[in-house]
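Reckoned from all heavy atoms, side chains included, excluding hydrogens, waters and symmetry mates. Each chain gets a letter, A, B and so on, in the order the sequences are listed, and its residues count up from 1.
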Amino acid sequence: MDKENKYIPYRVRIAKKTQESSNIQTYRLEFVDEKDAENFSFRSGQFCEYGVPGEGESTFCIASPDTRKGYVECTFRTTGRVTAALANCEENDIISLRGPFGNAFPIEQWYGKNVVFVTGGIALPPLRCVIDTLLDQREKFGEISVYYGAKNVEELTYKAELEEWAARGDMNLFITVDPGGETPEWKNFIGFVPTILEQNPPKSDNAVAVIAGPPILIKLGMPILAKSGFPNDQIYTTLENRMKCGVGKCGHCTVGKTYVCKDGPVFTYEEVLGMPLEY
Amino acid sequence: MEIKTITSANIPVFFNNLVKSGKVVVAPVLKKSGKVFFESVQSYDQVSTDYIQTAFSAKSVVFPEVEELFSYTKKEDGDFEFRNDMSNVPETVIWGLRPCDSSAFNYLTDFFLKENPDTYFKLRKERTTLISVSCAKADAACFCTSVGLNPGNVTGSDILLTAMGDSYYVEISTEKGKSVIDTALFTDSTEKSKEEFLAKVETKFSMDEIRERIQTAYDSAEWKHESMGCLGCGACAFSCPTCTCFDIQDEGSQESGKRLRCWDACGFGQFTRHASGHNPKSNQTARRRQRLMHKFKYSVENFGIVSCVGCGRCIRVCPAHLNIFENILNVTKA
């Protein structure tokens, strides 16, 4: 990608393709040009535009932590034309990538604190990036709790990692599926994420909360966290409005005067309360 | 600022000299439909002088309806080649735009260049010279005087011409303007004031009042009524001199083609729709509100500029007869 011209993409090779579920896949992407690999750096919370030339671009958060260099990962659900074209790609195929765009989570400010993650569905990837950033420097943080739910067991993202996290023994996991989405073998929670969160409220002392998800989860979850005692400026979210350019020009992602792409995507609850409900 | 005079008889000579200098000269031309459009012109004979406002603004010179961001080719090894060549963007003169439109260029420049400067706009703007012509006539849709402008404001223009009988009053604001002046045709001005030659544009509202009242207008109950009838056709955005929203689309195959950016409109139902189907601005009221709040509040907060210049195009073009200044008055009324 050109430093000046934000529209000319990098070329990246799909180094590893992981099928997370029938319509969710994770790509590990490595730069074709070594110089690009050297110049590219990002912080956890930022996003990119991933594209198949001829089909278009889609916006996903970077799903891998900034503590792991040399590649970026993205996880996406097949939904429309671009994601279908991306999903059709195989390992070693080359796709386009622009970014990184937007701000990041202020992770250095969380040293010594407990961190609570609340997320659902295909919104675990943007937080997996943050969770892994914390796990890579585990000793710097207190308790790490994750509330994560999906429609059904099939749609849970990162199943292998959820098991790894459970096996570590140093995380509190609240994994749930919507009622009716469980299988006979399912041993975890059943219920919507906000319900599980309310029934098992996280401790808010010396803690920050991070919430991502479909907009309805953010809208319902943030007040629950606030009620649990988290100060409004210690509840973080990442908004994901429709985007095209990534640099505050195309106008698609605006929430009031705010551009999610350049002013966000990371906002505190305090900031979100000052915005109209346009996310 | 330099003030000069040119005789009306010499205007075609000045114009044709600009064409001869090798620049592309874009000027208002009367079409069979009775509407006036900007297009590339070879001689002053083709230029329309009797128009209140062109159907579209001249912003497409610096922000084209469809612009190639780059072209791509997939090579045999599966790698891509991306090419972007803007060396053939011509030096262009826009002639005859109204002072409201030239003010719009000021906003466009701030919007595209202040933060994350836009490579494409920057180059096009650098190669564009604005020679505006003051308004001698206005119609019921004109309201520049309500948004702090007037039919003879020099804002944004490199040169502003004001017809004063058999001569033109010439205000040269920039070096770029100076560089296209053919000194033999211009003399030092002895005229005192251009005011009496300018159109009288009725003031529809006080911007100071609106500025204050718009702060709480988001929750006004009037939005629903004011947006009723809006078809979401986007004609207001496409004719607007300050609308900047765009879409990015690929044209071609996966083997070769172009990535394009194309004008888009916040009034379109798909504009904010998520892949999930969720739409944060889910109805035409929310979308109309976005458009007006952006012009009168958000751009003031982000750039310190009211991004409506009062050109009146959206009023003239709206198939549902929505009127932006009436809308603004009603959603801000006490």
Checklist entry - Taking the inter-plane angle between the rings of A:Tyr259 and B:Phe111 on a 0 to 90° scale, is it parallel (under 30°), tilted (30 to 60°) or perpendicular (over 60°)? => result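 Geometry flag for B:Phe111 against A:Tyr259: tilted rings.
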Checklist entry - Does any N or O in the side chain of A:Arg242 come within less than 3.5 Å of the main-chain N or O of B:His274, such that one atom is a donor and the other an acceptor? => result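 Looks like no, no N/O pair under 3.5 Å.
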Checklist entry - B:Asn116 side chain to A:Val247 main-chain N or O, any donor-acceptor pair under 3.5 Å? => result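 Judged by distance alone, yes, a pair lies under 3.5 Å.
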Checklist entry - When you look at NZ of B:Lys75, are more than 12 heavy atoms from neighbouring residues, nucleotides or ligands closer to it than 6.0 Å? => result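 Count over threshold, so yes.
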Checklist entry - Given the options B:Arg83, B:Met293, B:Arg273, which has more heavy-atom pairs under 4.5 Å with chain A than any of the others? => result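 The option with the most such pairs is B:Arg273.
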Item to check | Ion pair B:Asp118/A:Lys249, N-O distance below 4.0 Å | outcome: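 Looking at A:Lys249 together with B:Asp118, the answer is no, because their closest N to O distance does not fall below 4.0 Å.
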Item to check | B:Arg259 and A:Glu57 ion-paired at < 4.0 Å | outcome: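 Looking at A:Glu57 together with B:Arg259, the answer is yes, because their closest N to O distance falls below 4.0 Å.
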Shortest non-hydrogen contact from [X] to [Y]?
| X | Y | value |
| --- | --- | --- |
| B:Phe80 | A:Ile94 | CE1-O, 3.2 Å |
| A:Tyr7 | B:Phe70 | O-CE2, 3.2 Å |
| A:Cys245 | B:Ile248 | CA-CD1, 4.1 Å |

Chain A contact via [X] - side chain, backbone, both or neither, heavy atoms under 4.5 Å:
| X | result |
| --- | --- |
| B:Asp247 | both |
| B:Asp79 | both |
| B:Thr272 | both |
| B:Phe82 | side chain |

Checklist entry - Per the side-chain contact (heavy atoms from CB on, under 4.5 Å) rule, which among A:Thr254, A:Asn241, A:Leu239, A:Leu277 passes with B:Pro280? => result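 Only one option passes, and that is A:Asn241.
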Checklist entry - Can you say whether A:Pro53 sits under 4.5 Å from chain B via the side chain, the backbone, both, or neither, judging by heavy atoms? => result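 Answer is both: backbone and side chain atoms of A:Pro53 are under 4.5 Å from chain B.
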Item to check | B:Asp264 and A:His252 side chains, donor-acceptor separation under 3.5 Å | outcome: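 A pair is found: one side chain offers a donor N or O, the other an acceptor, under 3.5 Å apart.
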